[in-house]
Q: 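I am attaching a structure below and will ask some questions about it afterwards.
Remember, it's a predicted structure, so these values are computed and weren't measured experimentally. Every chain is numbered from 1 and lettered A, B, ... according to where its sequence line falls, protein lines coming before strand lines.
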Amino acid sequence: MPKTPIELPDAIEFLSILDEHGELDRSLEPSIAEESLLRLHHTMLLARRFDERLLSLQRQGRIGTFPPIAGQEAAHLGAVAMLRPSDWVVPAFREMAADIWRGRPLESIIVYNNGFNEAGRIPDDRNDMPISIPVGSQILHAVGIAWAIRYRGQDDVAMTFFGDGATSQGDFHEALNFAGVFQVPAVFVCQNNQWAISIPRAKQTRSQTLAQKALAYGIAGIQVDGNDLLAVYAAADEAVKRARSGAGATLIECVTYRMAVHTTADDPKRYRTDTEVEEWRRKDPIPRFQAYLTDKGLLTADAIAAEESAVQAEIQAAVDRAEEEMKRLGDPLLMFEHAYAEMPEYLKEQKEEFIRLLAETTEEQQNA
Amino acid sequence: MPKTPIELPDAIEFLSILDEHGELDRSLEPSIAEESLLRLHHTMLLARRFDERLLSLQRQGRIGTFPPIAGQEAAHLGAVAMLRPSDWVVPAFREMAADIWRGRPLESIIVYNNGFNEAGRIPDDRNDMPISIPVGSQILHAVGIAWAIRYRGQDDVAMTFFGDGATSQGDFHEALNFAGVFQVPAVFVCQNNQWAISIPRAKQTRSQTLAQKALAYGIAGIQVDGNDLLAVYAAADEAVKRARSGAGATLIECVTYRMAVHTTADDPKRYRTDTEVEEWRRKDPIPRFQAYLTDKGLLTADAIAAEESAVQAEIQAAVDRAEEEMKRLGDPLLMFEHAYAEMPEYLKEQKEEFIRLLAETTEEQQNA
Amino acid sequence: MPKMTMVQALNLALRQEMERDDSVVVLGEDVGVDGGVFRVSDGLIQQFGETRVVDTPLAESGIVGMSVGMAVYGLKPVCEIQFSGFSYYTLHQIENHAARLRWRSQGRYTVPLVMRAPYGGGVRALEHHSESRETFWSHIPGLKMVIPSGPRNARALLVSAIRDPDPVVFYEPKALYRAFREEVPDEEEAMPLSRSVIAREGRDLTLIAYGAMMRPTLEAAEELRKKHGVEAEVIDLLTLSPMDDTLLVASARKTGRVAVVHEAPRSFGPGAEIVARLVEKAFYHLEVPVARVTGYDVVIPLFSRETHYLPGVPRIVHAARQLLAA
Amino acid sequence: MPKMTMVQALNLALRQEMERDDSVVVLGEDVGVDGGVFRVSDGLIQQFGETRVVDTPLAESGIVGMSVGMAVYGLKPVCEIQFSGFSYYTLHQIENHAARLRWRSQGRYTVPLVMRAPYGGGVRALEHHSESRETFWSHIPGLKMVIPSGPRNARALLVSAIRDPDPVVFYEPKALYRAFREEVPDEEEAMPLSRSVIAREGRDLTLIAYGAMMRPTLEAAEELRKKHGVEAEVIDLLTLSPMDDTLLVASARKTGRVAVVHEAPRSFGPGAEIVARLVEKAFYHLEVPVARVTGYDVVIPLFSRETHYLPGVPRIVHAARQLLAA
Ligand SMILES: Cc1ncc(C[n+]2csc(CCOP(=O)(O)OP(=O)(O)O)c2C)c(N)n1
Ligand SMILES: Cc1ncc(C[n+]2csc(CCOP(=O)(O)OP(=O)(O)O)c2C)c(N)n1
Ligand SMILES: [Mg+2]
Ligand SMILES: [Mg+2]
């Protein structure tokens, strides 16, 4: 037989429901309870304003380096909106709106960004992982968690987040391949925000879409308008149902944009133009979602204004609580804790050495 | 806009020219010089018989563990047949027929498999890498070499080999992605021999073919009958031309079969049936190629018989040369060589220590 | 008690822990149908099925990264890396996550995984199949590094490693997999981690070793007694990290003469840490410099020259006698 | 001579080596258009173009594995790992290949690559951005591990690392990137690898350090002189592996009192090897146990507590005075 084309089972599609001009495709509109729609709006707004506040706190030297999320609220919030508390979220480090939606207190974010690890602790009533900084590495953890969920006969899912850059990592490949082989209830959400620090999406990989990488693993893949909360919600909802029903994993590429700096240590002027940023600003997920809610009669200009001030009050209260809390923190001895379940002998000796040293050196300083 | 299908640029095809019944698709028959066809046949036969001889040497304890190639001769020999000496071959560890085709003396293979690293040295007139045992890791080296070839303005190519199991490694992913992004003159040849030790192809990945993984990197991909030397040759020739012309890399999946043990430490009875092996034996690349050459009037039963004895003589001579050579080898001091360009001080001290020790301990033994 | 090889003893530990606790899961390349290339997991898939004995695709980082997730969820994954020479693929998952998640989550999440891997020379293997790089793992806070030396302690330590609430790298001396048999009790037996043992009492000098080096070291001690009337104390480290130096220090104080034996390259090897501990805690009792009888700072040669690289009885005896001569 | 920060000095080394030798190529994440997140490669892409200053996809193993191939072909790749905390992804490429290809090919192929990575604490960074794991690389035969301590030696050592025929891991103390300026000659300057230097002469005791720890160590030496009339000799290791112990041993023999300072965790850290070398070669001259002033055996805390983890002037002075008191 000669050259014969191979039929690929899963086709890759692009999903958009509410476009940047507010045009809605009713046939695809997901049914979300009004109360949830409003909570989603509140969380988006809160996350956006809090992000701005963190930026100014950082510029004032009141917190350390952090990665802003502005522009990506819909891409990650829309994905977690239908999850249960018992589902697992395995984040990268740019999913703050999802984190807030899942119940993370704002002040703990401030405290953590002041270099207090204890604020990174996840509340016991939430099955979420702490942020993971080594790009791509956490995707495998989601696969392991999803495997364990199925092993324990639960119908929860593990949803993990990562960026466009992360798709270049070997761990991304190994994770999606394992997910396909073991048919685990995992949802892989790629926030393709067009940039990995200074590397544009086009230089990250030559494949036309990131979604099509699913074809390499025999799992479902879909590309969605990541600034369209409804599209993200619909795609994630489908993927979560697929996972819960035992039909396997899905790769969702959310096409979005990082409107701010990579981190507060970054200067985007070196690698991208303001016009590009401006073009994407027009696709901002928040006004778009507000237009939708307004059309639906769930929101008015006044209501939005009221929300804005409510959100600011919430943020201010959190900043105040954080400053209070930090006064109580800082005991250096904590650095010896949580290394092991039981502190090893030699580490105990080091801790005692440290205590003695602290006493003697402060004494010496006083005498000096 | 609603859900819209994404058009994928590169389709994946399956190529077969000379099927297992000796049926030839003349429209696709590559034009290979008669003299080359005969040399290919000689090399296939030589590699097969030498492989068998190595197996018996190993069973007699006259060499160490090694990975037989029986059944895969066409899959790797067909791929290198059109390469120039200045092209680079970056092997895994199951490409002996290609190695012999490229000029590796048989005796050096015996000596290497007796634990003499010096026999692994590549002749200076060949641009090939030594075998690489860490699965998948060498694929990246081929990308680097291909990048350097282009950087130096050469039109050589780098062809690398790996197995079906290797496609699960992160390094495979990173290598093909880099190759796509940098458009390097690389050819990725996957010998899909259906098994990674005891792991069947189906448990290695859920993707229907390995060739389609090319879609994840925006490079060309093709699946070929790896026991059909003509198909492998044609696919590789196309890929090599693509690479030389600067049109980028190709992933070739050669569908073949490991007819023997994984290595001499392996017992396939634990994981696969004899009937499976028997089925594949009927697809053996050698009789198939011999039928083709006979049809072409290039080979007769007598000629084949003559070849067989010529090959055995060649092998015996190599075994004899190897035993001679090994008598001259074995100086333990060689273990201190080639660590660095210049031996570091502390290593010099260790070497002197070793020399003293060798003298004193042998003395002690004599006194004892 | 039945006499077992180390492979059989490790297999017993896995089987009994799986019977005892359904959160114990075995995964890796060829661990299922094939029973592991060294047969350590032989028969487990027949007894516990594919859901608990998992043949994975060929990807070390994937195996360990997935195990991290399983462990965080509450399982006790025991993953096998086929040879320690391929465990380097997993360093980022171990250093960046397995060893830190307890700390990062302030105790909310723990990673009770075990990463098993055969290590060391002496089996006439191919390149990458004979290395000893236990230093890599021993230097990582939050991680434990364990190396048994015989069938009985291999079984008892693997049991403890599996039950340990923290991640453990468990290097198995492949040279000893079938080298000798020991009586291994059928009934449950565990040995505490981070405890060394005195393998042989002695007063004249101290030999510290672990893993495959315990055999030549004990043989050397025997030869020292027989041929030279010297009584060597031999300590089996068993856990490299967190290292318990109590016995090492006590013995060094008693004998004042110490040699450390390992196959790993000398520089930055485990011997260095042992010397440093003895200097910190037994300096004034040391009569002579602590000797390092180790692999050399080169790639371990292929098998034709391997025995020259590995410390053997003559080298150990020779070093011991120099300690006494000094 | 112009005064430069370490970042500028490293940039000078890269630029001049690229001008001098067209086989030198720079690659890594954000090294091109962005000039590197610390700006070490600032301006290079403008001067040498995209073919010699390569922005790669986000994949550390890919960067180093590709560099191995480039180096085998005959280029001199200088690859950047954005932070040393992410260099673990490359260990298998370095251990299994970069450090062994010369040996494996019996000299036919060499791997003259340089893997640069900022390491260490002191910059109020996020998790994984403050570690010191130089031990991993120092333990690998066939590899070199270099750590500069100031703008001038950073430039001169990077030049040598690039020209070196063997693979070099080059850790840059990010805390010193912009901490101070030094005069750095415009004309070519190289410093031999595997050579330590005496940073300060002294007779009473020896302080051995490297990288970012050189500053507090030198300050401590100054304080010891001023406040306590003690003359400390300070040695800057510069190359950890292959380690040249000549100066260390000579100084230890002279002073008999030695402290080693590093940020890496203590157990199995570089200090252990230094202690072992001194015991091997200067034992009878040591008046007191060699002290290890190091990071503790824990994950380096986030920045609010970082200074308590890192050895500082008070700890070094304190340790020195204990050495003298003993
Ligand atoms: C393994 C690893 N390499 C490098 C870095 C440094 N780094 C942090 S974020 C980042 C870019 C990530 O890009 P992407 O995955 O697209 O996520 P985004 O930052 O755009 O959200 C890099 C290179 C890291 N954190 N981990
Ligand atoms: C990184 C790594 N992991 C594990 C091994 C042990 N091992 C050697 S060959 C092999 C299977 C390889 O399968 P495949 O890639 O299909 O090649 P084949 O052996 O079939 O030619 C394994 C697991 C290895 N050599 N390297
Ligand atoms: Mg991005
Ligand atoms: Mg295979």
Q: Name the region of A:Asn117, side chain, backbone, both or neither, that has any atom closer than 4.5 Å to a heavy atom of chain C.
A: both
Q: Nearest 0.5 Å, what's the OG-CE distance between C:Ser105 and A:Met129?
A: 8.0 Å
Q: Taking atom CZ of C:Arg195 as the centre, does the number of heavy atoms from other residues, nucleotides or ligands within less than 6.0 Å exceed 12?
A: no
Q: Considering only heavy atoms, which portion of A:Ala175 lies under 4.5 Å from any heavy atom of chain C: side chain, backbone, both, or neither?
A: neither
Q: If you count heavy-atom pairs under 4.5 Å between each of A:Arg126, A:Arg150, A:Gln138 and chain C, which one has the most?
A: A:Arg126
Q: Is the closest side-chain heavy-atom distance between C:Gln93 and A:Ser137 below 4.5 Å?
A: yes
Q: Is any side-chain N of the basic residue among A:Arg152 and C:Asp22 closer than 4.0 Å to the acidic one's carboxylate O?
A: yes
Q: Can you name the nearest heavy-atom pair linking A:Ala148 to C:Leu75, along with the distance?
A: CB-CD1, 3.5 Å
Q: Which one wins on heavy-atom pair count under 4.5 Å against chain A: C:Arg52, C:Arg104, C:Arg108?
A: C:Arg108
Q: Check A:Leu140 against C:Gly62 and note the closest heavy-atom contact, atom names and distance.
A: CD2-CA, 3.5 Å
Q: In terms of the angle between their ring planes, are A:His141 and C:His97 parallel, tilted or perpendicular, with boundaries placed at 30° and 60°?
A: perpendicular
Q: Side chain, backbone, both or neither: which part of C:Leu193 has a heavy atom under 4.5 Å from chain A?
A: neither
Q: Starting at CD of A:Glu118, measure out to CD of C:Gln106 and round the result to the nearest 0.5 Å.
A: 5.5 Å
Q: Give, for atom OH of A:Tyr346 and atom CD of C:Glu273, the distance between the pair rounded to the nearest 0.5 Å.
A: 5.5 Å
Q: For the interface with chain C, which of A:Val143, A:Asp171, A:Ile131 has the highest count of heavy-atom pairs at distances below 4.5 Å?
A: A:Asp171
Q: Run the numbers on C:His92 and A:Gln169 for side-chain contact (heavy atoms from CB on, under 4.5 Å), then give the verdict.
A: CA-CA 12 Å; C:His92 64 287; A:Gln169 284 283 21; over 6 Å; no
Q: Check whether C:Glu95 gets within reach of chain A through its side chain, its backbone, both or neither, counting any heavy atom under 4.5 Å.
A: neither
Q: Roughly how far, to the nearest 0.5 Å, is CZ of A:Arg121 from OH of C:Tyr109?
A: 9.0 Å
Q: Under a 4.5 Å heavy-atom cut-off, does chain A meet the side chain of C:Ser67, its backbone, both or neither?
A: neither
Q: At a 4.5 Å cut-off on heavy atoms, which part of C:Asp244 comes close to chain A: side chain, backbone, both, or neither?
A: neither
Q: With only heavy atoms counted, which part of C:Thr110 is less than 4.5 Å from chain A, the side chain, the backbone, both or neither?
A: neither
Q: Under 4.5 Å from any heavy atom of chain A, what part of C:Pro57 do you find: side chain, backbone, both or neither?
A: both
Q: CD/A:Glu174 to CG/C:Leu58 distance, rounded to the nearest 0.5 angstrom?
A: 9.5 Å
Q: By a 4.5 Å heavy-atom criterion (distance strictly below it), what part of C:Arg277 contacts chain A: side chain, backbone, both, or neither?
A: side chain
Q: If every non-hydrogen atom of A:Tyr340 is compared with every non-hydrogen atom of C:Leu143, which pair is closest and at what distance?
A: OH-O, 2.7 Å
Q: Report, as yes or no, whether the 6.0 Å neighbourhood of atom CD on C:Gln46 holds more than 12 heavy atoms from other residues, nucleotides or ligands.
A: yes
Q: Going from OH on C:Tyr73 to CH2 on A:Trp88, what distance comes out if it is rounded to the nearest 0.5 angstrom?
A: 7.5 Å
Q: Could you tell me which portion of C:Val54 (side chain, backbone, both or neither) has an atom closer than 4.5 angstrom to a non-hydrogen atom of chain A?
A: side chain
Q: Identify which part of C:Ser23 has an atom lying under 4.5 Å from any heavy atom of chain A, answering side chain, backbone, both or neither.
A: both
